Trainee: 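Quick one: the structure is below, and I'll ask about it shortly.
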Amino acid sequence: MSLPTNSDSKLNLVSQTKSFGGWHKQFSHASSSVKGEMRFAVYFPPQYETKKDLPVLYWLSGLTCTDENFMQKAGAHRMAAQLGIVIVAPDTSPRGDDVANDEGYDLGQGAGFYVNATQAPWSAHYHMYDYVVTELPELIEKEFEVSSKRAISGHSMGGHGALMIALKNPDRYSSVSAFSPISNPMDCPWGHKAFSAYLGEDQSVWAQYDSSVLMSNAVDLVPALVDQGLDDNFLQEQLKPEALEAAAAKNNYPLTLNRHEGYDHSYYFISSFIDEHFKFHAGHLMY
Ligand SMILES: N[C@@H](CCC(=O)N[C@@H](CSC=O)C(=O)NCC(=O)O)C(=O)O
């Protein structure tokens with residue numbers, strides 16, 4: 001499989017590996033949103049060789065992750081290959097020696113929270129919202145022969161990102177799903193730390209990136225699926241699915257939220273239920 005195909009490609013191929021009859025590839029490129037190099041991974045299912053309009057699922061990973069965690073640990077390639085869905089997984093933040101960072105794992109590199117930072121020093125590079133919503137899909141749809149039918153999913157910080165982005169851009173996504181999302185970032189320690197650093201102290205700005213606030217006010221409704229493990233160490237303090245559930249109930253939002261006894265926050269949980277998420281998205285992407 002020879003990719004990228006167009007002669008003015010802006011992508012550098014970093015690696016390629018055959019998987020379930022398709023290809024897992026990593027690319028780097030100069031990003032205008034984050035003003036630096038970004039890396040992302042794509043899984044091309046086998047159907048990509050002959051069909052030029054496959055839909056794309058965007059996957060947003062959690063704290064400490066790169067483009068690699070989901071692709072290596074979620075066991076998603078088998079179902080993507082079966083259903084004919086392309087997967088795109090970006091890194092979780094800008095990276096590099098000239099990019100601001102923090103000693104904690106929950107702020108800075110590996111912890112971009114999918115917002116556009118307005119506060120120094122973060123505002124120089126941390127524009128992950130623009131990157132995921134606009135720049136990356138434009139790049140994917142220009143560089144590869146895929147359709148503009150998109151779904152979005154993610155885990156933990158990436159679950160917050162997926163829900164928040166779909167709720168703010170209902171015209172851009174057919175469906176949204178999340179594993180163990182940070183459901184109400186305005187009201188948990190991870191969210192407080194990240195939002196005060198990236199966005200400042202005005203909580204009306206935080207609310208613009210909070211899925212529970214957005215879901216309670218949504219008008220155009222993107223179907224949503226959430227799975228949550230009940231032995232998740234972060235459940236009570238950080239994730240708060242009950243806030244999302246209350247918002248959905250208030251607004252009659254099409255949210256399915258499943259709780260699972262015994263599962264924790266890890267990729268063992270994600271890999272146990274990833275097939276259901278792909279089938280959910282396929283039901284909305286293909287019809
Ligand atoms: N202290 C831990 C915390 C990091 C962690 O659990 N990261 C999760 C996402 S948490 C919310 O966004 C994760 O996906 N880790 C990567 C993995 O492959 O499991 C630590 O530093 O490990």
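Both ligands and their constituent atoms are indexed starting at 1 by order of listing. This structure is a prediction, so every number in the text was calculated from the model and none was measured.
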Trainee: Give a yes-or-no answer on whether the side chains of Asn251 and Asn217 include a donor-acceptor pair shorter than 3.5 Å.
Mentor: no
Trainee: For atom 8 (C) of ligand 1, what's the nearest protein heavy-atom neighbour? Residue, atom name and distance, please.
Mentor: Leu63 O, 3.6 Å
Trainee: Under 3.5 Å, which donor-acceptor pairs do the side chains of residues 72-91 form with other protein atoms, sequence neighbours left out?
Mentor:
| from | atom 1 | to | atom 2 | distance (Å) |
| --- | --- | --- | --- | --- |
| His77 | ND1 | Ser19 | OG | 2.8 |
| Asp91 | OD1 | Arg95 | NE | 3.4 |
| Asp91 | OD1 | Arg95 | NH2 | 2.8 |
| Asp91 | OD2 | Arg95 | NE | 2.8 |

Trainee: Any atoms of ligand 1 less than 4.0 Å from a non-hydrogen atom of Lys73? List them with their elements.
Mentor: 17 (C), 18 (O), 19 (O)
Trainee: Quick one: look up the protein heavy atom nearest atom 11 (C) of ligand 1 and list residue, atom name and how far away it is.
Mentor: Ser156 OG, 2.2 Å
Trainee: Under 4.0 Å from a heavy atom of His155: give me the atoms of ligand 1 that qualify, with their elements.
Mentor: 9 (C), 14 (O)
Trainee: With ring centroids as reference points, do His284 and Tyr173 lie under 6.0 angstrom apart?
Mentor: no
Trainee: Which atoms of ligand 1 are found less than 4.0 Å from any heavy atom of His265?
Mentor: 10 (S), 11 (C)
Trainee: Ignoring angles and geometry beyond distance, decide whether Asn69 reaches within less than 3.5 Å of ligand 1 through its nitrogen or oxygen atoms.
Mentor: yes
Trainee: Can you confirm if the aromatic rings of His155 and Phe70 lie within a centre distance of less than 6.0 Å?
Mentor: no
Trainee: Identify the protein heavy atom lying closest to atom 6 (O) of ligand 1, giving its residue, its atom name and the separation to 0.1 Å.
Mentor: Phe234 CE1, 4.0 Å
Trainee: Show your working on ring-ring contact (aromatic ring centres under 6.0 Å, His included) between Tyr263 and Phe273 and close with a plain yes or no.
Mentor: CA-CA 11 Å; Tyr263 287 93; Phe273 295 95; 5.1 Å; yes
Trainee: Report the residues that fulfil side chain to side chain donor-acceptor pair (under 3.5 Å) with Asp102, sequence neighbours left out, ordered by chain and then residue number.
Mentor: none
Trainee: Report the part of Thr64 in contact with ligand 1, treating N, CA, C, O as backbone and CB onward as side chain, heavy atoms under 4.0 Å; options are side chain, backbone, both, neither.
Mentor: side chain
Trainee: Could you check, using the six-membered ring where one of them is a Trp, whether Phe144 and Phe27 have ring centers closer than 6.0 angstrom?
Mentor: yes
Trainee: Which ligand 1 atoms are under 4.0 Å away from a heavy-atom of Met157?
Mentor: 11 (C), 12 (O)
Trainee: Under 4.0 angstrom from atom 22 (O) of ligand 1, is there any protein heavy atom?
Mentor: no
Trainee: Considering only non-hydrogen protein atoms, determine which one is nearest to atom 3 (C) of ligand 1 and report residue, atom name and distance to 0.1 Å.
Mentor: Tyr105 CE1, 3.5 Å
Trainee: So, for Tyr131 and His29, is the gap between ring centers shorter than 6.0 Å?
Mentor: yes
Trainee: Does ligand 1 have any atom that is closer than 4.0 Å to a heavy atom of Cys65?
Mentor: yes
